[in-house]
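First comes the structure, then the notes that go with it.
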Protein chains: 2
Amino acid sequence: MVNHNKDQLNEIFHALSDPTRREIIHSMHQKEKTVSELAQPFDMSLAAISKHIKVLERAKLIERSVNGRTHLCSLNTESLSKATEWLQFYEKFWSNRFDLLEKELLEAKKKEH
Amino acid sequence: MVNHNKDQLNEIFHALSDPTRREIIHSMHQKEKTVSELAQPFDMSLAAISKHIKVLERAKLIERSVNGRTHLCSLNTESLSKATEWLQFYEKFWSNRFDLLEKELLEAKKKEH
DNA sequence: TTTATATTTAACCAGATGGTTGAATGATAA
DNA sequence: TTATCATTCAACCATCTGGTTAAATATAAA
């Protein structure tokens with residue numbers, strides 16, 4: 001139970017670490033796409049793209065609706081949000097650190113006078 | 001030139017895809033830590049942690065300042081920001097999509113009357 | 001100088017990853 | 001029915017990954 005989140009983050013970040021998969025995500029950011037539409041821009045076998053899509057699917061970054069012999073893929077931003085949430089925790093922490101630093105600097109200036 | 005960004009995203013997301021590395025990031029989110037401090041919570045050799053740290057360093061997620069025989073590691077949030085920026089583009093696009101849908105729905109309701 | 005400490009490096013290994021090709025599946029079109 | 005089309009599956013392969021242990025390096029302490 002506890003590790004679901006951790007495992008999903010592993011899968012999300014791993015899925016995003018491949019440029020082909022990021023391009024796949026990009027090419028469906030406005031509209032759902034079939035597997036062959038997604039494969040078209042790449043100089044790579046359909047089987048390879050099929051695997052990439054499965055990796056994205058396991059990370060729940062995309063969803064697939066089977067329609068006859070064609071599969072329509074669409075983005076699922078929930079997983080994207082999970083990743084950004086993780087990241088922003090540390091970004092915020094850091095900017096807070098700088099805010100604090102700035103305050104201390106101001107305090108120091110006040111004391112000068 | 002063009003691919004620097006792409007390659008760095010590969011490295012950032014790859015670095016983040018490992019739970020040990022995410023914990024390392026977590027354990028230095030308030031304060032810089034030495035390599036052995038970072039290694040302490042893990043049931044793993046120092047050599048392994050040393051490798052993890054190098055992966056984080058290559059992704060520019062952390063910086064290291066060598067001080068005598070100890071190395072101090074600190075977070076570098078610039079890389080974190082690069083990752084969130086990439087992610088948020090797609091998140092935004094999607095929420096815009098829903099906003100649009102909502103507007104259309106409202107228009108449709110108006111026309112009903 | 002000798003010894004201890006902090007860290008990296010090198011060599012190795014099992015398993016994962018990202019690609020290939022060729023065959024299988026399953027739905028549509030002729 | 002028979003082709004054809006969209007997609008996956010299986011077997012294979014080279015390379016990468018995440019770990020190990022043992023030795024090397026470099027600084028600090030006795």
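Chain A is the first sequence line, chain B the second, and so forth, proteins listed ahead of strands; every chain is numbered from 1.
- The nearest whole Å value for the distance from the CD1 atom in A/I49 to the C1' atom in C/dG19 is 11 Å.
- A/R64 places no side-chain N or O within donor-acceptor distance of the main-chain N or O of A/V35, the cut-off being under 3.5 Å.
- If you take CG on B/N5 and CD on B/E85, they are separated by 9.0 Å, rounding to the nearest 0.5 Å.
- Taking atom CG of A/D43 as the reference point, atom P of C/dG18 lies 18 Å away to the nearest angstrom.
- We find that B/K82 and B/E11 are not joined by a salt bridge, their nearest charged nitrogen and carboxylate oxygen being 4.0 Å or further apart.
- Dashed line: the shortest gap from a side-chain N or O of B/S36 to OP1 or OP2 of C/dT7 is under 4.0 Å.
- For A/F13 and D/dG18, the CZ to C1' distance is 19 Å, given to the nearest whole Å.
- Contact annotation: A/K54 side-chain N/O to D/dC9 OP1/OP2 distance is under 4.0 Å.
- Rounded to a whole Å, the CG atom of A/L46 is 13 Å from the P atom of D/dC9.
- Side-chain proximity of B/A48 to the nucleotides D/dC9, D/dG19, C/dT8 is greatest for D/dG19.
- In the set C/dT20, C/dG18, C/dA10, the nucleotide with an atom closest to the side chain of A/A47 is C/dT20.
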If a protein heavy atom is under 4.0 Å from the base, mark B; if only from the sugar-phosphate, S; if neither, -; do that for nucleotides 24-30 of chain D going 5' to 3'. ---BSS-
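- Remark: C1' of D/dA6 and CD1 of A/I53 are 11 Å apart, rounded to the nearest angstrom.
- In this structure, the nucleotide among D/dG19, D/dT17, C/dG18 sitting nearest to the side chain of B/H14 is D/dT17.
- C/dT20 atom P lies 9 Å from atom NZ of A/K51, rounded to whole Å.
- One finds no side-chain N or O of A/H52 lying less than 4.0 angstrom from the OP1 or OP2 phosphate oxygen of C/dT17.
- Between the side chains of B/S79 and B/Q8, a donor-acceptor pair is found at a separation under 3.5 Å.
- Atom NE2 in A/H71 sits roughly 17 Å away from atom P in D/dC5 (whole-Å rounding).
- The B/S45 side chain lies nearest to D/dT20 when the options are C/dA6, D/dT7, D/dT20.
- Residue B/R21 places at least one side-chain N or O under 4.0 Å from the OP1 or OP2 atom of D/dG18.
- Under the 30°/60° scheme for interplanar angles, the aromatic rings of A/F89 and B/H26 are found to lie parallel.
- Distance check, rounded to the nearest 0.5 Å: CG of A/L38 to CD of A/E32 gives 11.0 Å.
- Taking the side chain of B/T70 as heavy atoms from C-beta on, and the options C/dA11, C/dA6, C/dT9, the nearest nucleotide is C/dA6.
- B/L56 has its CG atom 13 Å from the C1' atom of D/dG18, to the nearest Å.
- By the criterion of side-chain heavy atoms lying less than 4.5 angstrom apart, applied directly or through intervening Ile, Leu, Val, Met, Phe, Trp or Tyr residues, B/I25 is grouped together with A/L87 in one hydrophobic cluster.
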